[in-house]
Amino acid sequence: MSLYSIFCGNFHQLRNSIGSCSSTGLLKCGLLYRTVLQNRGNKTRPISTTILARSTRKESKQSFKTSRHLHSESVESSIEVLKQSDLEHLKSLQCYNIPQKVSGVKTDWPATILVFDIETTGFSRRYERIIEFAVRDLMGGKNSTIQTLINPEREIKNAYVHGISSSMVCKPDIPRFREFIPILLQYVLSRQMADKPVLWVAHNGRSFDVPFLMYEFQRSKIEMPGDWLFVDTLPIARQLIGSDGEKLKSVSLDNLREHYKIPLAGSAHRAMQDVITLCYVLQKLTFELKLTVPQLLERSFRVSDLSTPRPGK
DNA sequence: GGCCCTCTTTAGGGCCTT
């Protein structure tokens, strides 16, 4: 099975999903939250988040609100992800002649493919923290996306990069990463197929996103599921430099987006925007290089393949 | 930090991620 054949269905679904958002402006998901509740004695605690993008780009400034109420059985989140103008822009995306029908059924897929991205307080996985997390299941459909701010419990000095300031996240109603992990685990379980792995996809994931994730899990003293596999699109993109060097001189996500003429939806360097970009870039890369899903799985790695952090760090 | 390239391999610089 080629990845492109999967994308044929999923990017149509992605487009439809984005289109459906434009009518409501909201994505809603309900997730069990028992682990957190156990830790907090079943107390109800409202969590709300308001985000404004970087002020230097007024024309693309976006906002969304997240509200979540922890309850004895469930937690609900409402996320206004994009402005109407951004969504109309997304709807105009050309989907590379993707057929209208979904090829295959979910149970035929060899893995659940989750494209994710993080924003952080800096580059050091040891000393910096995650402040935003976004993920999209390529299968699409209801509850296929999660996006949230994270409280790093420290000052943010690189707000000029992503527009996320200390005042936006360093407050009690923004979840810390250890509080977000149960939500993430429940989300993955809701997307995972029986006896099949989860394949996480990130750009420069091996050196950046995955180590950050690993450190956050270790600091939270929660073990990462053993069937989580990761694939890095950076070395895949580098293969194109060898075969298409005249056209592709840089393999940054921004350059890949420009190379493939993918319109920028909202502000770059925000987690969900980069996830959406990477979804399209992944489709183009695997199509050009004729990469199948099994080949992608062969290139995957586990957190145990990465260097282990020193205790207490 | 990991990977890649070259003026290389007993090394060093640049890219990529925020």
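Only this structure's heavy atoms are used, side chains among them; waters, hydrogens and symmetry mates stay out. Throughout, a chain's letter reflects where its sequence line sits, starting with A, and its residues are numbered from 1.
- The aromatic rings of A/F217 and A/W228 sit perpendicular to each other, their planes meeting at more than 60°, with 30° as the lower class boundary.
- Of the residues near DNA chain B, A/I118 and A/S207, the one whose nearest nucleotide (by heavy atom distance) lies more toward the 5' end is A/S207.
- Contact annotation for A/D305: no contact, since no heavy-atom pair falls under 4.0 Å across all strands.
- In this structure, A/R206 does not reach the B/dG1 phosphate: none of its side-chain N or O atoms is under 4.0 Å from OP1 or OP2.
- Closest approach to the A/R238 side chain among B/dT18, B/dT17, B/dC15 is made by B/dC15 (side chain taken as heavy atoms from C-beta onward).
- For the pair A/Q239 CD and B/dC16 C1', the computed distance is 17 Å after rounding to whole Å.
- Rounded to an integer number of Å, the gap from A/R129 CZ to B/dT17 P is 22 Å.
- Residue A/H269 places at least one side-chain N or O closer than 4.0 Å to OP1 or OP2 of B/dT18.
- The only option from A/E288, A/Q283, A/K284 that meets the side-chain hydrogen bond (donor to acceptor under 3.5 Å, both in side chains) definition with A/Y260 turns out to be A/E288.
- For A/L253 and B/dT17, the CG to P distance is 6 Å, given to the nearest whole Å.
- A donor-acceptor contact under 3.5 Å is formed by the side chain of A/N158 with the base of B/dT18.
- Between the P atom of B/dC16 and the CG atom of A/D274 lies a distance of 14 Å, rounded to the nearest Å.
- Using a distance-only test at 3.5 Å, with no hydrogens or angles considered, no donor-acceptor pair links the side chain of A/S220 to the main chain of A/I222.
- A distance of about 15 Å separates the C1' atoms of B/dC3 and B/dT9, rounded to the whole Å.
- Note on A/S250: a side-chain N or O is less than 4.0 Å away from OP1 or OP2 of B/dC16.
- Aromatic rings of A/F180 and A/F133 (six-membered ring for Trp) have centroids within the 6.0 Å cut-off, being under it.
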